[in-house]
Amino acid sequence: MENAIYKAKQFDLSGLKGISDKTLEMHFKLYEGYVKATNDLHARIGEILADGKVDQEEMPAYSELTRRLGFEYNGMVLHEYYFGNMKKQGGGDPPRGSFRDAVGRSFPSFEIWKTDFTSVAKMRGVGWSIAYLDPNTGRVSNHWIELHESGNVAGFVPLLVMDVWEHAFLLDYKPADRPKYIEAFMANVDWNVVEQRCQTTASASRAA
Ligand SMILES: [Fe+2]
């Protein structure tokens, strides 16, 4: 059995608009921390399970480690979605296609979807704004995710993921200037990736 199940991915994002390379470097390091923590949790849980049972005295440690899986796993995966949906020379409006159609089925207009998505990102607290696709209905809904793990909907597919933890922008903007960071994020969105995530989900649900 392999111990290091996950490897940190590499993202080439230098030269974004309004999000400095310095911020990204620091953010990649944080992300690598989540990958390491996820692997470590697996290894430690595996050690407890190695003799085929969880003894009563092991239960507190086992429980604590298992409870942390949601935090570390989502911390790892959401950062991969986040870095993966930005690019140099991104931004603008999404091209016509599955994503625009799905938004059109779910909101009165693209502009209103965008107002909702960016307003979720302005909510007080530490977390994420995520546009999810419900693969069963083909509808898009925007969700506030507290920390990394509270509010994700099982089976829904993240299409566009924005980190609004303060570490995502504190080197570039003051805490009170989160709206400026949100604007910068939107100016770097890779809409082709969002479109691909939407199309992949649509064809998988047709095949099911
Ligand atoms: Fe982050």
Side-chain angles (χ1 to χ4, degrees), residues 5-11 13 16 19 24 27-28 30-32 34-35 37-38 69-87 90-91 93-95 97-107 110 112-123 125-165 167-169 178 181-182 184-208:
I5 307 170
Y6 296 101
K7 281 200 178 81
K9 298 183 175 169
Q10 300 296 314
F11 300 90
L13 287 175
L16 292 182
I19 300 175
L24 287 166
H27 213 163
F28 291 146
L30 274 174
Y31 154 64
E32 284 163 20
Y34 285 107
V35 177
T38 302
L69 283 174
F71 180 78
E72 305 293 357
Y73 253 99
N74 280 295
M76 172 177 71
V77 170
L78 290 182
H79 279 105
E80 289 170 359
Y81 275 103
Y82 168 72
F83 295 132
N85 58 213
M86 289 190 287
K87 71 167 183 182
D93 283 336
S98 305
F99 175 68
R100 287 294 288 256
D101 290 349
V103 165
R105 278 194 295 276
S106 321
F107 290 84
F110 173 75
I112 290 178
W113 167 82
K114 191 175 165 186
T115 299
D116 186 39
F117 181 75
T118 52
S119 301
V120 168
K122 288 172 193 162
M123 286 169 56
V126 175
W128 303 74
S129 177
I130 303 185
Y132 271 109
L133 180 70
D134 176 353
N136 292 313
T137 62
R139 289 174 69 87
V140 174
S141 47
N142 298 317
H143 295 252
W144 168 256
I145 309 306
E146 190 84 20
L147 299 175
H148 302 311
E149 73 274 43
S150 302
N152 293 294
V153 186
F156 278 28
V157 177
L159 298 177
L160 182 62
V161 173
M162 183 185 343
D163 191 341
V164 289
W165 282 56
H167 65 238
F169 58 89
R178 196 198 287 189
Y181 157 72
I182 293 169
F185 170 82
M186 295 307 289
N188 293 298
V189 170
D190 185 345
W191 290 112
N192 291 329
V193 164
V194 176
E195 176 64 19
Q196 269 166 21
R197 289 172 183 168
C198 201
Q199 277 183 17
T200 309
T201 311
S203 52
S205 356
R206 269 198 303 277

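These numbers were taken from a predicted model, which means no experiment stands behind them.
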Taking every non-hydrogen atom, the tightest pair across Tyr82 and Val161: CD1-O, 3.4 Å

Rounded to the nearest 0.5 Å, how far apart are CG of Leu13 and CG of Leu24? 5.5 Å

Could you walk me through whether His79 and Phe28 pass the ring pair (Phe, Tyr, Trp, His ring centres under 6.0 Å) test, one step at a time? CA-CA 9 Å; His79 279 105; Phe28 291 146; 9.7 Å; no

Between Phe185 and Leu160, what is the shortest heavy-atom contact and its length? CZ-CD1, 4.0 Å

Does some side-chain heavy atom of Phe83 sit less than 4.5 Å from a side-chain heavy atom of Lys9? no

Could you walk me through whether Met86 and Val193 pass the side chain to side chain contact (heavy atoms under 4.5 Å, CB included) test, one step at a time? CA-CA 8 Å; Met86 289 190 287; Val193 164; over 6 Å; no

Kindly indicate whether the side chain of Val35, heavy atoms from C-beta on, has any atom under 4.5 Å from the side chain of Lys7. no

Let me confirm one number: the CZ-CZ distance from Arg105 to Arg139, rounded to the nearest 0.5 Å. 9.0 Å

Closest non-hydrogen atom pair between Ala8 and Glu32, with its separation: CB-CG, 3.6 Å

For the pair Leu159 and Glu195, evaluate side chain to side chain contact (heavy atoms under 4.5 Å, CB included) and give the outcome as yes or no after the intermediate values. CA-CA 8 Å; Leu159 298 177; Glu195 176 64 19; over 6 Å; no

Identify the two heavy atoms, one from Phe11 and one from Gly84, that lie closest to each other, and give their separation to 0.1 Å. CE2-N, 3.9 Å

Do Phe156 and Ser141 touch side chain to side chain, with heavy atoms closer than 4.5 Å? yes

Quick one: closest heavy-atom pair of Pro95 and Trp191, and the distance? CD-CB, 3.7 Å

Note, Ile112 side chain near Phe117 side chain (heavy atom, < 4.5 Å): no

Could you walk me through whether Trp128 and His143 satisfy the ring pair (Phe, Tyr, Trp, His ring centres under 6.0 Å) test, starting with their C-alpha distance in whole Å, then the side-chain angles of each, then the deciding distance to 0.1 Å, before giving a yes or no? CA-CA 8 Å; Trp128 303 74; His143 295 252; over 10 Å; no

Let me confirm one number: the CG-CG distance from Asn85 to Asp190, rounded to the nearest 0.5 Å. 8.0 Å

Quick one: are Val120 and Ile130 in side-chain contact, heavy atoms under 4.5 Å? no

Rounded to the nearest 0.5 Å, how far apart are OG of Ser106 and CG of Leu133? 8.0 Å

Does the cation-pi check pass for Arg100 over Phe110, that is, NZ or CZ under 6.0 Å from the six-membered ring centre and within 45° of its axis? yes

What do the steps show when you test Phe107 against Lys114 for side chain to side chain contact (heavy atoms under 4.5 Å, CB included), and what is the final call? CA-CA 10 Å; Phe107 290 84; Lys114 191 175 165 186; over 6 Å; no

Given Tyr6 and Tyr73, is the ring pair (Phe, Tyr, Trp, His ring centres under 6.0 Å) satisfied, shown in steps? CA-CA 10 Å; Tyr6 296 101; Tyr73 253 99; 5.7 Å; yes

Ile182 CD1 to Met162 CE distance, which is reported to the nearest 0.5 Å: 5.5 Å

Once rounded to the nearest 0.5 Å, what's the spacing between atom CZ of Arg197 and atom CZ of Phe99? 10.5 Å

Should His167 and Leu30 count as side-chain neighbours, where that means a heavy-atom distance under 4.5 Å? yes

Assess the side chains of Asp101 and Ser98: does a donor N or O sit below 3.5 Å from an acceptor N or O? no

Check whether Glu149 reaches the backbone of Gly70 with its side chain - one donor and one acceptor, N or O, closer than 3.5 Å. no

Check the orientation of Phe169 and Tyr181. Use parallel for under 30°, tilted for 30 to 60°, and perpendicular for over 60°. parallel

List the steps, then state whether side chain to side chain donor-acceptor pair (under 3.5 Å) holds for Asn142 with Asp116. CA-CA 7 Å; Asn142 298 317; Asp116 186 39; 2.8 Å; yes

How close do Ala121 and Arg178 get, heavy atom to heavy atom, and via which atoms? O-NH1, 2.6 Å

Please determine, by modelled atom types, if Tyr132 and Asn152 share a side-chain donor-acceptor pair under 3.5 angstrom. yes

